[in-house]
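Written out below as C-alpha cells is the structure these notes cover.
Within every chain, numbering begins at 1; the chains are lettered A, B, ... in the order of the sequence lines, protein sequences first and strands thereafter.
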Amino acid sequence: MKLNPFESLYIKLLALYGPRGWWPLTDYAHQPDPLLTTAKGYHPLDYSLPNNDDQRYEICIGAILTQNTTFASVVTALQAIRRVGPITPEVLMGLSDVALKQAIRPVGYFNQKADYLRSFTLWFINRNPKIPTRNALLDLRGLGPETADSMLLYAWKQPQMVVDAYTQRLLFSLKLLPEKSGYSNVKAAIEQAFSQSKTADKVMAFQEFHALIVEHGKLFYSRRPYGLNDPLIAGEDNVQNADELHFNAKG
DNA sequence: AACCAGGACGTGA
DNA sequence: TCACGTCATGGT
C-alpha cells in the first residue's frame, strides 16, 4: 500500500519517538496494569482512556490550563487542586476564587483561566448530549480551535486532528503545506490524508500524531530558525526502523 | 536577560 | 479576514 506524505510523516515520527501515551492523567498510577504506567501519567499503548467522566473532565481542564504554557506547570496546578480533593467538577466549583487562582497560578493567565475553568465546568455538568459538538465547545469562552479539538480527540475520542504552532511550523518547513495556511486548512489537509481509515484508527492516529509532533517540535521547532537540524529534512536515511513498527496508521 | 511555552480574545484596519 | 497587543508564570 502507498502512503501519502502525511501518513508517511506520521510513521516516521512514530518510529523515531514511539507511542507517546497522551493524554496524561494524574491518577494513572492507579490503573490495573503497572507495566503500562509511566511516572508522569502517560500511558503508551493504552488507548482505552479516558473511561469515566472524571478522567474526561481532567483532560478538559488540562487542555485549558496548558494554553501557551508547559505541561509541567499544568501538572503542578493539577496537583495543587488534588490537595483539596479529586479533580472533579464539584471540587473545582467548591474552591473559592482566591483558592482556585492560587492553585492554577503556575500556568500563567490565571485570572482568565479561572474564569474559563468555571464556565467550562458549569457547561460540563449540564451538557447535553454527553458528547459535545465542536461548535458547542467553540461557543464557550476560552475555547479556541486547538483546545476544542484537544478535548474532542483526547477526552471524547472523536476523530478530530489537533493543530498547534509546532504542526504548522513542521508542515511548512517540510513543504507539505503553503505558509499561512491557517488552522482549518491544516486540520482539513491532515484529516483528509487519513480519510480512508476507520474511525477508531483515526482517533488513535490523530492522538499519536499530535503528541509526536509536539515531541518533535520541542526538539527542532521551538526556536528560530525553525527546523534547524531536523532529521526529517536532512534526509530519509536518518529515520530508522520505519518498516519495523509493531503497528501502523491502519491499526 | 531575553525568549519561549501542547492559545484565545479584543480591537482596529 | 488579518495583524497586533494583552494576558502572566516559570524554565533556560
Nucleotide [N], atom [atom2] - distance to [atom1] of [X] in whole Å:
| X | N | atom1 | atom2 | result |
| --- | --- | --- | --- | --- |
| A/Y183 | B/dC9 | OH | P | 13 Å |
| A/R224 | B/dA2 | CZ | C1' | 13 Å |
| A/R105 | C/dG10 | CZ | P | 7 Å |
| A/E179 | C/dC2 | CD | C1' | 16 Å |
| A/I213 | B/dG6 | CD1 | P | 14 Å |
| A/D149 | B/dG7 | CG | C1' | 13 Å |
| A/K113 | B/dC9 | NZ | C1' | 13 Å |
| A/K101 | C/dT9 | NZ | C1' | 15 Å |

Review point. Do A/Y42 and B/dG6 have a side chain to base donor-acceptor pair shorter than 3.5 Å?
Key: yes

Review point. Quick one: is the NZ or CZ of A/R141 closer than 6.0 Å to the six-membered ring centre of A/Y116, and within 45° of its axis?
Key: no

Review point. OP1, OP2 of B/dC9 versus side-chain N and O of A/Y109: anything below 4.0 Å?
Key: no

Exercise for review: Kindly say if A/T147 contacts the phosphate of B/dA8, meaning a side-chain N or O under 4.0 Å from OP1 or OP2.
Suggested key: yes

Below 30° counts as parallel, above 60° as perpendicular, anything between as tilted: where do the rings of [X] and [Y] land?
| X | Y | answer |
| --- | --- | --- |
| A/Y28 | A/H43 | tilted |
| A/W23 | A/F71 | perpendicular |
| A/F206 | A/F194 | perpendicular |

Review point. For the rings on A/F209 and A/Y10, is their centre-to-centre separation under 6.0 Å?
Key: yes

Exercise for review: Would you please indicate if the ring centroids of A/F124 and A/Y57 are separated by under 6.0 Å?
Suggested key: yes

Nearest to the [X] side chain among [options], which nucleotide is it?
| X | options | result |
| --- | --- | --- |
| A/S222 | B/dC4, B/dG6, C/dC7 | B/dC4 |
| A/R169 | C/dC7, B/dG6, B/dA5 | B/dA5 |
| A/N111 | C/dA8, B/dG6, B/dA8 | C/dA8 |
| A/E146 | B/dC4, B/dA8, C/dT9 | B/dA8 |

Using a cut-off of 4.0 Å on non-hydrogen atoms, how would the nucleic acid contact of [X] be classed: base, sugar-phosphate, or nothing?
| X | answer |
| --- | --- |
| A/G108 | base |
| A/Q112 | base |
| A/L143 | sugar-phosphate |

Review point. Mapping A/P145 and A/Y221 onto DNA chain B by nearest heavy atom, which one lands closer to the 5' end?
Key: A/Y221

Expressed as a whole number of Å, how far does the [atom1] atom of [N] sit from that of [M]?
| N | M | atom1 | result |
| --- | --- | --- | --- |
| B/dA5 | C/dC7 | C1' | 14 Å |
| C/dT12 | B/dA1 | C1' | 11 Å |
| B/dA2 | C/dA8 | C1' | 16 Å |

Check your understanding: Using centres under 5.5 Å plus planes under 30 degrees as the test, is A/W22 stacked with B/dG6?
Key -> yes

Check your understanding: Does the side-chain ring of A/F110 sit on the six-membered ring of the C/dA8 base, less than 5.5 Å centre to centre and under 30° in tilt?
Key -> no

Exercise for review: For A/R223 and for A/N68, locate the closest nucleotide of DNA chain C by heavy-atom distance; then report the residue assigned to the nucleotide nearer the 5' terminus.
Suggested key: A/N68

